[in-house]
Amino acid sequence: MIDDQITLVKNTVSQARDKLSSGKIYQSLNGQLENLVSRLSRRSKTIVKPVDDGDTALALMQKTAEKFIQVKKVLLTDDQLFEVLRQLASTNPAYRDRGAFYFLTDLISNKALSPEQMRWMANYLVADERLFGHILEPLNDGVFQRSFSLLVLGQLLSADAQIHFIDTQLRDRIINQVIAYSLLEHDGRGFVGEKGWAHAFTNIGNVWDLLCANPSVKRSDKILLLASLLVGYHNCPVPFVAGEDSRIVAYLANITNLNEIYEDYFLRVLKFWHQGLTAQMTVATEAGWNKIYNRNRLLQVLLLQKDSFPSSIIDYIQSTRDYLN
């Protein structure tokens, strides 16, 4: 059963999409999302069920890859595809990263899957069980399932730009789910010991950039995507030290140059962040300091790429740069 707090976030996202589409809540959007995230409470840690049959799935991937080289054709049943997708939750990078992710990327980029299979994959990847599993709990291995679901989704979105297999209904579902995910995710870890890359916020940046470039995504949805990313980033209690800030800045450069409304919205959020800093009397928690330095690193990276941004954004950041030290 899905957690009541996740349901609340999903319902809020759906309502915000409707209101933005009709020209409402633009000015109050950031404040509403910040309040929503600040009210979320963390749940007790539960066991993340290990993924089994990694060797069997890896053997299937190797056999299928060899056959593709020979005959340039892949015939995978839905059950076989499911067994590969399951490995995206593995804590073993040989099964998850170098296995399932590389294999699925090759299939997608070589157009070896049918449009029906790719639609099925997209629906699978954005299901509640994939994007929200263990997301409200303390840092845990569930992050691999969540992050790599988003990573493979990015591959599907790239393919859709060429062969257009994602219909309006599926696109709406993807947008609803990933926005809710970005507001709920709080695991900002990069490389996690022997388990390899988590990189959730880097993968958020990848997917957001692809949706930003998609002309079928409405302007109001692009505003909400921008808003949710900024709120999620701003509230992450984990330090970003593995290039997340650079990936997010690349997305911000693209979106703020797309239309003045995104430039205006980002500028509003920057002012909100600055007002929050000046109003804070003391910071006494590790999470609080991590959030401040995450913000500072993001803006420092942004200033290094100032030629990629509208002048209004650069001028404002430079006028408040005393707060970047």
Side-chain angles (χ1 to χ4, degrees), residues 48 51 54 57-58 61 81-110 112-113 117-135 139-162 165-166 170-171 173-175 177-182 184-192 195-214 225 228-229 232-233 236 238 240 242-248 250-251:
V48 179
V51 181
L58 200 58
M61 293 181 237
L81 192 55
F82 172 72
E83 288 304 315
V84 174
L85 285 165
R86 286 180 65 244
Q87 297 305 316
L88 295 175
S90 176
T91 56
N92 186 336
Y95 300 146
R96 180 192 69 248
D97 199 330
R98 299 187 297 274
F101 171 64
Y102 283 10
F103 176 74
L104 293 168
T105 297
D106 284 344
L107 292 185
I108 296 167
S109 62
N110 285 294
L113 297 171
Q117 284 179 309
M118 289 193 286
R119 279 193 292 271
W120 179 83
M121 277 180 61
N123 271 303
Y124 173 90
L125 293 169
V126 300
D128 291 349
E129 295 81 2
R130 257 64 69 187
L131 288 187
F132 306 133
H134 303 275
I135 199 167
L139 303 184
N140 60 76
D141 289 341
V143 69
F144 297 108
Q145 170 86 89
R146 302 192 301 267
S147 180
F148 273 75
S149 293
L150 211 63
L151 185 57
V152 176
L153 176 65
Q155 300 298 314
L156 291 172
L157 292 172
S158 292
D160 178 65
Q162 298 178 5
F165 62 89
I166 295 178
L170 177 53
R171 186 179 300 108
R173 184 178 187 226
I174 290 171
I175 291 171
Q177 290 289 90
V178 299
I179 289 175
Y181 167 74
S182 68
L184 287 160
E185 185 61 86
H186 69 117
D187 193 333
R189 290 177 295 173
F191 199 82
V192 186
K195 298 173 182 177
W197 287 105
H199 245 180
F201 281 81
T202 294
N203 295 335
I204 287 174
N206 291 337
V207 169
W208 263 237
D209 235 350
L210 290 162
L211 292 172
C212 161
N214 189 331
L225 284 159
S228 66
L229 179 144
Y233 190 99
C236 184
V238 177
F240 293 124
E244 294 85 358
D245 42 21
S246 296
R247 186 62 194 84
I248 300 299
Y251 158 72

Can you find a heavy atom in the side chain of Leu153 that is under 4.5 Å from one in the side chain of Val178?
yes
Non-neighbouring partners of Asp245 that pass side chain to side chain donor-acceptor pair (under 3.5 Å), sequence neighbours left out:
none
Quick test of your reading: applying salt bridge (Lys or Arg N to Asp or Glu O under 4.0 Å), list the pairs with at least one residue in residues 118-128, sequence neighbours left out, ordered by first then second residue.
Lys10-Asp128, Glu116-Arg119
Given side chains that start at C-beta, do those of Leu104 and Met121 come closer than 4.5 Å, heavy atoms only?
yes
Kindly determine whether Leu125 and Leu88 satisfy side-chain contact (heavy atoms from CB on, under 4.5 Å), including the steps that lead there.
CA-CA 10 Å; Leu125 293 169; Leu88 295 175; 3.9 Å; yes
Distance check, rounded to the nearest 0.5 Å: Phe144 atom CZ versus Tyr95 atom OH?
15.5 Å
Across all chains, not counting sequence neighbours, the side chain to side chain contact (heavy atoms under 4.5 Å, CB included) partners of His186 are Arg42, Leu139, Pro237
Across all chains, not counting sequence neighbours, the side chain to side chain contact (heavy atoms under 4.5 Å, CB included) partners of Ser182 are Ile204, Trp208, Ser228
Verdict with reasoning, Val192 to Val143, per side-chain contact (heavy atoms from CB on, under 4.5 Å)
CA-CA 10 Å; Val192 186; Val143 69; 5.5 Å; no
Please name all residues satisfying side chain to side chain donor-acceptor pair (under 3.5 Å) with Asn92, sequence neighbours left out, ordered by chain then number.
none
CA sep, side-chain torsions, deciding dist, call: Tyr124, Leu81, side-chain contact (heavy atoms from CB on, under 4.5 Å)
CA-CA 11 Å; Tyr124 173 90; Leu81 192 55; over 6 Å; no
Please identify each residue that fulfils ring-ring contact (aromatic ring centres under 6.0 Å, His included) with Phe201, with sequence neighbours left out.
Phe240
What's the separation between atom CD1 in Ile248 and atom OH in Tyr233, rounded to the nearest 0.5 Å?
7.0 Å
Side chains of Cys212 and Leu225: closer than 4.5 Å at any heavy-atom pair?
no
Check Ala180 against Phe132 and note the closest heavy-atom contact, atom names and distance.
CB-CZ, 3.9 Å
Non-neighbouring partners of Asp209 that pass salt bridge (Lys or Arg N to Asp or Glu O under 4.0 Å), sequence neighbours left out:
Arg247
Residues at least two apart in sequence or cross-chain that pass side chain to side chain donor-acceptor pair (under 3.5 Å) with Glu185, listed by chain then number, are Arg146, Tyr181
Please find the pair of heavy atoms, one from Gln87 and one from Ala100, that lie closest to each other, and give the distance.
CB-CB, 3.9 Å
Can you check whether Arg171 reaches Asn214 side chain to side chain, under 4.5 Å on heavy atoms?
yes
Mind listing the closest non-hydrogen atom pair of Arg130 and Ser149 along with its distance?
CG-OG, 3.3 Å
Nearest heavy-atom approach of Ile166 to Asp160 is N-OD1, 2.9 Å
With no hydrogens and no angle check, is any side-chain donor or acceptor of Ser109 less than 3.5 Å from a backbone partner on Asp106?
yes
Apply ring-ring contact (aromatic ring centres under 6.0 Å, His included) to Tyr102 and list each qualifying residue two or more places apart in sequence or on a separate chain.
none
Who are the side chain to side chain contact (heavy atoms under 4.5 Å, CB included) partners of Ala89, not counting sequence neighbours?
Val51, Gln145
According to the salt bridge (Lys or Arg N to Asp or Glu O under 4.0 Å) rule, which pairs have a member within residues 82-102, sequence neighbours left out?
Asp52-Arg86, Glu83-Arg86
Do any N or O atoms from the side chain of His199 and from the backbone of Ala242 form a donor-acceptor pair under 3.5 angstrom?
yes
Working to the nearest 0.5 Å, report the span between CH2 of Trp197 and CG of Leu151.
12.0 Å
CD1 of Ile174 to CG of Leu156, rounded to nearest 0.5 Å, is 8.0 Å
Looking only at heavy atoms, the pair that brings Asn140 and Asp187 closest together is O-OD2, 3.9 Å
With Arg173 via side chain to side chain donor-acceptor pair (under 3.5 Å) - residues at least two apart:
Asn123
List the atom of Leu210, the atom of Gly154, and the distance in Å for their closest heavy-atom pair.
CD1-O, 3.2 Å
